[in-house]
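Protein chains get the first letters and strands the later ones, always in sequence-line order, with residue 1 at the start of each.
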Amino acid sequence: MKKNPARVASIRLGLCCSFSEHPIKFRNTTVKANSNMERKAALAKLAKLCAENAEALQAALQFCLDNRIGCFRINSQILPLKTHVDCGYTMADLPEGDEIVQRFRACGDFAKKHHIRMSFHPDQFVVLNSPREEVVDRSVAELEYQAEVAEWVGADVVNIHGGGAYGDKEGALEAFAKNLSRLSDRARSRLTLENDDTTYAPSDLLPLCRTEGIPLVYDVHHHRCKTDELSVEKATQEAMGTWDREPLFHISSPIEGWDGAAPKRHHDFIDIADFPDCWRDKDLTIEVEAKAKELAVLRLRKDLGG
DNA sequence: AGCGGTCAAGTTGAT
DNA sequence: ATCAACTTGACCGCT
């Protein structure tokens, strides 16, 4: 079998959202600035930002290809303010919106050709189990937006956390399961769940993942912050069992070491000692959550022997 | 043209 | 009761 050049052994490393030194930048704007403009001018500006972000994504994928990085996480503001209640828009609202979509589809073609995986990670405001209806509404809208772009570019993962506990974890997870029915197939089929560092450990999520057929994105750093009865090895095995495709996990290292003041916070680089030995011989995508971004990915690959 | 304060959204836990 | 943490750095409005 021909070996995929974007891999070291069986591990595919992933870069998250942005660059430390390499001069690729994604654009964004603010509600305040957008609200101060006439709607037409606001949409023209947003279209420009979206188009530039499509170009930046193409450049990011080229960087990944050139540097044998097998996965890229797309930031949530790739289409700035897309779901905002006042500033939001559809692609049809944007001047030359169709061409912007075509640029993203071209990114997808490139990624497919070169076997580069892509993912999304909607941020903390997406809470599918909130008792507040309007929060769930906005969360669904955000998931649908990111899933739409995911479809254009061929990304197979839109990853979120369990959400709040609200003093009743089991009830909160039931609410999560119930609200899954509000998602389109496009969003539902890409949805994954990740253990977090305060509320939901892997063992909290695994039953839901199995029942609902949601892959578990196992974050070993979060697991070390929010432990359960599972070992890293066991959690790895159980998480792998929830995937019907190549599993995707997260790695990071604590900013000042595990005995430091803030072990939850991320270091610039990955300490190879934090990389589980049991991951080394498996077919996995590992997203590298480290502040030094592409430098951290490249150093980790070197440290792994690539 | 350069500077500094500001930035959509939710929840938790530290102070 | 407030605030940092969640990728922080880019952006904008003011001078």
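- Judged by closest nucleotide on DNA chain C, A:Lys25 is the one of A:Asn34 and A:Lys25 placed further toward the 5' end.
- Rounded to a whole Å, the CD atom of A:Glu144 is 22 Å from the P atom of B:dA9.
- Atom name P, nucleotides C:dG9 and B:dG10: the rounded distance is 24 Å, in whole Å.
- Rounded to whole Å, the distance from CD on A:Glu52 to C1' on C:dC11 is 13 Å.
- Within the nucleic acid shown, A:Asp86 has no heavy atom closer than 4.0 Å to any nucleic acid atom.
- We find that A:Arg132 and A:Glu134 are joined by a salt bridge, their nearest charged nitrogen and carboxylate oxygen being less than 4.0 Å apart.
- A:Met37 has its CE atom 13 Å from the C1' atom of C:dC11, to the nearest Å.
- Of the candidate nucleotides C:dC11, B:dG10, B:dT12, B:dG10 has the atom lying nearest to any side-chain atom of A:Arg138.
- Considering only side-chain atoms of A:Thr30, the nucleotide from B:dA9, B:dC7, C:dG13 that sits closest is B:dC7.
- Nearest nucleotide to the side chain of A:Arg132, out of B:dA8, B:dG13, B:dG10: B:dG10.
- In terms of position along DNA chain C, the nucleotide closest to A:Ser18 lies nearer the 5' end than the nucleotide closest to the other residue of the pair A:Asn28 and A:Ser18.
- Taking the six-membered ring where the residue is Trp, the centroids of A:Phe72 and A:Phe63 are separated by 6.0 Å or more.
- Between the side-chain ring of A:Phe125 and the base of B:dG10, no stacking contact exists by the 5.5 Å and 30° definition.
- As rounded to the nearest Å, B:dA9 and C:dA4 have P atoms that lie 16 Å from one another.
- Put simply, NZ on A:Lys32 is 9 Å from C1' on B:dG5, counting in whole angstrom units.
- In this structure, A:Lys82 is positioned above the aromatic face of A:Tyr89, its NZ or CZ under 6.0 Å from the six-membered ring centre and within 45° of the axis.
- With respect to the salt-bridge test (charged N to carboxylate O, under 4.0 angstrom), the residues A:Glu99 and A:Arg103 do not qualify.
- Base pairing of C:dC6: its partner is B:dG10, meeting the Watson-Crick or G-U wobble criterion (both donor-acceptor distances under 3.5 Å).
- Here the nucleotide nearest the side chain of A:Ser130, chosen from C:dA10, B:dT12, B:dG10, is B:dG10.
- The listed nucleotides are C:dT7, C:dC12, C:dC6; the one nearest the side chain of A:Thr29 is C:dC12.
- Nearest to the side-chain atoms of A:Tyr166 among the listed nucleotides B:dT11, C:dC11, C:dT7 stands B:dT11.
- Counting only heavy atoms from C-beta on, A:Lys45 has its side chain closest to C:dC12 among C:dT7, C:dC12, B:dG10.
- Rounded to whole Å, the separation between the P atoms of B:dC7 and C:dC3 comes to 14 Å.
- Between A:Asn195 atom CG and C:dC6 atom P there is a gap of 16 Å when expressed in whole angstrom units.
- With salt bridges taken as basic N to acidic carboxylate O contacts below 4.0 Å, one links A:Glu133 and A:Arg182.
- Evaluated for a side-chain contact (heavy atoms from CB on, under 4.5 Å) with A:Arg73, the options A:Met118, A:His250, A:Arg117 yield exactly one hit, A:His250.
- Residue-level contact check: A:Ala290 touches neither bases nor backbone, having no heavy atom under 4.0 Å from any strand.
- Rounded to whole angstrom, the span from the CD1 atom of A:Ile24 across to the P atom of C:dT8 amounts to 21 Å.
- The CD1 atom of A:Ile74 sits 16 Å away from the P atom of C:dT7 (whole-angstrom rounding).
- Across all strands shown, C:dT15 forms a Watson-Crick or G-U wobble pair with B:dA1, both key distances being under 3.5 Å.
- Candidate nucleotides C:dT7, B:dG10, C:dC11 were compared by shortest atom distance to the side chain of A:Arg27, and C:dC11 ranks first.
- With distances taken from any side-chain atom of A:Gln77 to the nucleotides B:dA8, B:dT11, B:dA9, the minimum falls on B:dA9.
- Across B:dC3 and C:dT7, the matching C1' atoms stand 24 Å from one another, rounded to whole Å.
- Of the side-chain N and O atoms in A:Asn36, one or more sit less than 4.0 angstrom from OP1 or OP2 of C:dG13.
- The distance between the ring centers of A:Tyr218 and A:His223 falls below 6.0 angstrom.
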